> 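Quick one: the structure is below, questions incoming.
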Amino acid sequence: MTSPAPLVSRRARAARIARVALGALALLYVGTCTWFDRKRPSVTWSDEATTAFDPHWPAGFLWGTATAAHQVEGGNTHNDWSRFERGAGHVANGDVSGRAADHWNRVAEDVALMQALGANAYRFSLEWSRLEPIEGGWDDAAWNHYAAELTALRAAHIEPVVTLLHFTLPLWLADRGGLTAPDFPAQFARFAAEAARRLGGQVTWWCTINEPQVAMYFGYVEGTWPPARKDNAQAVAAFDGMLRAHAQAAAALRTIDRDAKIGLASNMIAFEPAHRWNLLEQAITSIVTDNFNWAFYDSIRDGRRQFAMPGFPTLDEPAPELKGTIDWIGINYYRRNLVRFAPGAPGMVSIGNGPGPLSDAGVEIYPQGLLSLLREGARRYHLPVVVTENGVADSSGRHRPAYVRTHAWAARQAIADGVDLRGFFHWSLMDNFEWAEGYRARFGLYALDRATMARTPAAGAEEFRRLAPAR
Ligand code: FCB
């Protein structure tokens, strides 16, 4: 017969063990949340500092605006976007790119606008479908046009940063699978080689691909951009295609243009958990950050093509040829997204704007996010960084002056923190064809009158000029 005393002590021991286990679990919980938090340290921000600051950019700092061929040139008829935009319901208000900002015919005027802004750099893209309207047939006049544009920029002491692929693909390539076509990487490398041969003498800064994750997401997950697919396996195939294409193009650029400084421009969202003590929010924030923001650059750093998101096939393949293919990382920054526990939503989370002011494009204005991303990019890759795009859709002009100033402050603060930031490009020089948003989203430092093509300084232009590095 067991005596009551040992029974009591057994119960007491069990209770003690339960307490210790609960304590350990709580510690593990807090520890894991803190670990996630440390990966994304918060930013201290003072409104006075951002108002009064005087930039003092480092010598040689690139300060300019960014555009993309299809959005500004006009008359691009041989690419997948020109076909897609004519489809019913594809672009807001039924807009088509058409004459766009007629930049193709106004290069001299637009270079003068850059000078008036105090810019010393300009990021723009080559329109592959103009240069190679039919497979294998180079258009010499189009190449000469870009060579002349580069000459005009150089004469104005404006450093070009040239993007090879900013969303638009020649129809001949789109029609056989575009980013997922087996020969896309080889074709893109052939185009990069031709660009290096023809223009390399005038270009140092090359940007292979603009926003791979955005092309993947809108084109293959949401299906709201060409090729309008909704197929996660194809999305990963497109991502993989862009990694291979980048590797081959970078190799071609390096062989032909020995001074090339090669990078790319990746869209980054400042994802944050809505509550720092919610482990689910923390974990999802970490997964979306790693995959949406960094997967392309991580793949290059590790020499492995990688993508791993729940709901998508996992990509994890050795690719040593990716290593060393970039000399700098480009960050396009526009917004913050909060990750929130939402029991009714798919995956039990919703991802959306935080409480800050919204731009006309409906995204939260949050300059602190730029600072955290710049720090994170520098910490992850130990490479120079360029803000390859940053701007705001703001037709009333009430946000842009402060937007320009606070984001420039974030950039300046990143430099003070030790980030090797080499340049900052405002999106955009003038209002232009904003993809599925058409012409209603106005991002320009110059307002565009599409009837007359007149450009007039918009809100923010003066602030941009004031912050320009002294010549
Ligand atoms: C970026 C794109 C650019 C422009 C801006 C507003 O994601 O790279 O072409 O559309 O957004």
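Start at 1 and go down the list; that is how both ligands and their atoms are numbered. Given the structure is predicted, the values throughout are model-derived calculations rather than measurements. Only this structure's heavy atoms are used, side chains among them; waters, hydrogens and symmetry mates stay out.
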> Identify the protein heavy atom lying closest to atom 5 (C) of ligand 1, giving its residue, its atom name and the separation to 0.1 Å.
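Here the nearest protein heavy atom works out to Y334 OH, 3.2 Å.
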> Which of parallel (below 30°), tilted (30 to 60°) and perpendicular (above 60°) describes F424 and W57?
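Answer is tilted, since the angle falls between 30° and 60°.
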> Assess the side chains of E73 and H145: does a donor N or O sit below 3.5 Å from an acceptor N or O?
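No.
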> Show me which atoms of ligand 1 lie under 4.0 Å from any heavy atom of Q71.
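Near Q71, meaning under 4.0 Å from one of its heavy atoms, ligand 1 has 3 (C), 4 (C), 9 (O), 10 (O).
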> Which ligand 1 atoms does N267 reach within 4.0 Å, using its non-hydrogen atoms?
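Those atoms are 7 (O).
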> Counting from 1, what ligand 1 atoms have a heavy atom of F443 closer than 4.0 Å?
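Contacts of ligand 1 toward F443, numbered from 1: 6 (C).
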> Short list, please: which atoms of ligand 1 are under 4.0 Å from a heavy atom of N210?
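Checking each atom against N210, I get 8 (O).
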> Check whether W63 forms a cation-pi arrangement with R465 (NZ or CZ under 6.0 Å from the six-membered ring centre, at most 45° off the ring normal).
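No; the conditions do not both hold, so R465 does not lie above the ring face of W63.
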> Classify the angle between the aromatic ring planes of W81 and F433 as parallel (below 30°), tilted (30 to 60°) or perpendicular (above 60°).
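Aromatic pair W81/F433 classed perpendicular.
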> May I ask you to list the atoms of ligand 1 that are less than 4.0 angstrom from any heavy atom of E434?
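This gives 4 (C), 5 (C), 6 (C), 10 (O) as the contact atoms.
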> Do F84 and W225 have their ring centres less than 6.0 Å from each other?
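So the answer is no for these two rings.
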> Which atoms of ligand 1 have any heavy atom of H166 under 4.0 Å away?
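That gives atoms 2 (C), 3 (C), 8 (O), 9 (O) of ligand 1.
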> Cation-pi between R422 and F61: NZ/CZ under 6.0 Å from ring centre and within 45° of the ring axis?
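Judged by the rule, R422 and F61 form no cation-pi pair.
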> Considering non-hydrogen atoms of the protein only, which is the closest contact for atom 1 (C) of ligand 1, and what is the distance?
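That would be E389 OE1, 3.0 Å.
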> Can an N or O of W427 be found at a distance shorter than 3.5 Å from an N or O of ligand 1?
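No.
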> Quick one: which ligand 1 atoms are inside 4.0 Å of a heavy atom on E211?
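Listed by number with element, the hits are 1 (C), 2 (C), 7 (O), 8 (O).
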> Given F191 and W138, is the side-chain contact (heavy atoms from CB on, under 4.5 Å) satisfied, shown in steps?
CA-CA 10 Å; F191 169 51; W138 299 124; 4.2 Å; yes
